[in-house]
Amino acid sequence: MATLTTTPPSQSSTTAYKRKPLTIAKKRQYRAAYLFVLPFFVLFLGTIIVPLGYAGYISFFRKQLVGGVSFAGLDNYTRALTDTDFLTSVARMGLFLVVQVPVMLALSLFFALALDSGMTRLSKFIRLGIFVPYAVPSVVAALMWGYLYGRDFGPFAQFAELLNLPAPPFLTDQFMLFSIVNIVNWEFIGYNMIIIYAALRSIPTELFEAARVDGATEKRIAWSIKIPAVRPALILTVIFSVIGTFQLFNEPNLLRSIAPTVIDNSYTPNLYAYSLAFINQDANYAAAIAFLLGILIMALSYAVQLWNQRKENQS
Amino acid sequence: MSNPLTRRRFLLGTATITSALFFAGCGGGGATDTAPAAQKLSQAEIDTAMNTDTTLTFWTWVPDIQKEVDLFEKKYPKIKVKVVNVGQGAPHYQKLRAAIQAGQGAPDVTQVEFQHIPSFTLGGDLLDISPYGAADVKSQYPDWVWSQVVKGEAVYAVPQDVGPTGLLYRDDLLKAAGIEVPTTWEEFATASEKYRAANPKSYLSNFAPNEAGQFLSYVWQTGARPFSFDGQQTVKIDLASDQAKQVATYWGDLIAKDAASVDPDFTDSWYQGLSNGKYASWPTAAWGPVFLQGTAKKTSGKWRATDMPQWDPAKPAAGNWGGSTDAVLKSSKNPIAAAQLALFINTDHESALKLATEQFLFPASNDILNDPKFAEQAAPFYGGQKVNAKFTEISKTVTPDFQWVPFMDYVYSSFNETLGKSIADKSDLVAGLQSWQDQVAKYAKDQGFTVS
């Protein structure tokens, strides 16, 4: 007890300590700490903050091939908000988000639970198998699927031909979005599964033992203990997915070479910004589009978190 | 207190930068357009420059061009050339534009395709090399080629290779279907239907929905001139001319009858189509024969080359698709040596012949076109036919004075979203053509051009 009475003032003692001049050893420590984070900050400044600032700056100008540069104020932003190409691409990604993310996360969660339950044999092999697609660069993945989807020589088409069926229309206007959904699912189910699986492994096993003693089935344990426990991990994967969806670029850009008239320049917001900058030579408008997209992503990510906090507070 | 100050300084800074950029833009444009023809350099001046230690940078995607550069370095031992490949097509131009805008890192000499020259002369980025000896090589080139690199008296690039359009076809497949080689578009249409009827899995030809360059070469052949550019700010955009509509209607009919396929070209499945006999012919350009040889190896001996089908057989005409030049950038610190490099590679007989016979670029200059070492080459892939001679003959029928606008990137990309889309969807091609015209004209106006 005596020790206890002496410890409480610790809080005030630290505040008092802060006011005192730093000892040499402390100063050294601080200096070392700053040195260690310095490389990060240099890179962060040089590759994120400065380009961001520059993009923000040029988004307030307008450059024409004839006539050069002029100050445009918010024109680029108002133009974007009434630009049907841009709005369509955002809406398309909204649809993508609604279709793709739930499917992907449900499957990731399912696989994570299955692996965690230890019911599956060969679990290490399966875990690796599901994860491997994530290790395949998305460029390679898109090229590979592009071949698989091929209308003339793709394996699906050839199989259909054997059965005297028409080739599956993977690369048409109607199905392209779902073909991309499929590629993205294939790539990221394993990645999200690993995040969820890691969260599952950190749940104390006493909880399951107690539940089993109380007669809970594995299903009941999964539903009532495991899923609520990995909620933070799930929220994290949702936020990653929101960000990833709106930044979709590689897959449509590569599939464009085999379906050039289906995937137009404004198929996704990122593709649109890229085309504006490098084909239309309108880097200023592209910068405004990129900023709006960034704001949208931040707002959505924030909304997900807010929604999560409310839910947590309710429970 | 500090707030208004920073704000003011910010605005001031902005204004300065803006006007600086603005004037820089104007200055560049003005200088190229209004300057009288520059004084020709004396041979002595050129000799001095070529005997001074110099390092040049050369951006090009031409494979093995080091061979020709070696010849240049052998002739001018003081000049060192750094050959850099920054990518072909779009990536090349993106990097080139970025380097020009950054004001540093741009090469001395660069590869530029014909249709992209105006986009660089617009900003005054290319050097007029007529005073450096380029004016003297005019006689080496067919008129239609030379007209692609000049603006008035100024010469902005040295032509390297060209792509007069002709037809490559499968002799065996046509014979099996009992079809004579079509010489007019009318015959070609009849043949397409007949061929299709005999071969449910194959087409006589493909009309690619992603190949604005090919469509424009068809339009070129009709004599229509969809573009012009006065070098300053006036452009003509006439994509939906009567002749262009004729081309669109013609192919639209074939597509509607399912007598022509609509696959995107230069994709894996298209390559396979060429070697598997899905397409019995390929309307292409002079660079096509060598390309096909590499793509459809197993069909060796079965192909032949002939003229593009004609609209009016009394007046044989061909278009052009592709080809490129070497240009000198105005920012080059060694303009004399740079211009000599561009000239040497393409006009020195040994170097230009090497390009034609070793790298298989279809030569732009008469000099090489008429060289028996080039023209007499027999191609086993084409059953021993003298394909080069055929295309040399075609080259003479390309109609001159086809111009471009300084934003062909956009024109090509817009094609895919308008006319290309209606090709792929097998809908009304003339409507697609019209929306291409509208989209391009709108872009031109937005970019500050006067559209006539």
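Please read these numbers as outputs of a predicted model, since none were measured by experiment. Naming: A, B, ... by sequence-line order, numbering from 1 per chain.
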Charged N to carboxylate O under 4.0 angstrom, B:Lys421 versus A:Asp264?
->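 The answer is no: the pair does not qualify as a salt bridge.
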Report the distance from atom CD of B:Gln94 to atom OH of A:Tyr274, rounding to the nearest 0.5 Å.
->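 Going from the CD atom of B:Gln94 to the OH atom of A:Tyr274 covers 4.5 Å.
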In Å, rounded to the nearest 0.5 Å, how long is the span from OH of B:Tyr410 to CD1 of A:Ile279?
->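 Rounded to the nearest 0.5 Å, the OH-CD1 separation comes to 10.0 Å.
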Return the option, out of B:Ala444, B:Ser269, B:Pro406, B:Ala208, with the maximum number of heavy-atom pairs under 4.5 Å with chain A.
->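 Option with the greatest count: B:Ser269.
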Tell me, out of B:Tyr443, B:Phe407, B:Tyr93, B:Trp270, who's got the most heavy-atom pairs with chain A below 4.5 Å.
->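 When all of B:Tyr443, B:Phe407, B:Tyr93, B:Trp270 are compared, B:Tyr443 has the most.
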Residue pair A:Val66, B:Gln447: steps toward the side chain to side chain contact (heavy atoms under 4.5 Å, CB included) verdict | CA-CA 6 Å; A:Val66 171; B:Gln447 288 296 328; over 6 Å; no
Can you tell which part of [X] gets under 4.5 Å to a heavy atom of chain A, answering side chain, backbone, both or neither?
| X | answer |
| --- | --- |
| B:Gln101 | side chain |
| B:Asp268 | neither |
| B:Lys201 | side chain |
| B:Gln233 | both |

Do you know which two heavy atoms are closest between A:Ser257 and B:Pro264, and how far apart they sit?
->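 Looks like O-CB, 4.5 Å.
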Return the minimal non-hydrogen interatomic distance between A:Arg151 and B:Asp263, and the atom names on each side.
->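 The pair with the smallest heavy-atom distance is NH2-OD1, 2.8 Å.
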B:Asn416 side chain near A:Arg256 side chain, heavy-atom distance below 4.5 Å |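 Contact flag for B:Asn416/A:Arg256 side chains = no.
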Between the side chain of A:Gln64 and the main-chain N/O of B:Asp446, is any donor-acceptor distance below 3.5 Å?
->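 Judged by distance alone, yes, a pair lies under 3.5 Å.
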Inspect the surroundings of [atom1] in [X] and state if more than 12 heavy atoms from other residues, nucleotides or ligands are less than 6.0 Å away.
| X | atom1 | result |
| --- | --- | --- |
| A:Gln158 | CD | yes |
| A:Phe40 | CZ | yes |
| B:Phe266 | CZ | yes |

side-chain hydrogen bond (donor to acceptor under 3.5 Å, both in side chains) between B:Ser413 and A:Asn265, worked out | CA-CA 8 Å; B:Ser413 135; A:Asn265 284 341; 2.6 Å; yes
Which residue out of A:Val262, A:Thr261, A:Ile258 racks up the most heavy-atom pairs below 4.5 Å with chain B?
->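 Sorted descending by pairs with chain B, the first entry is A:Thr261.
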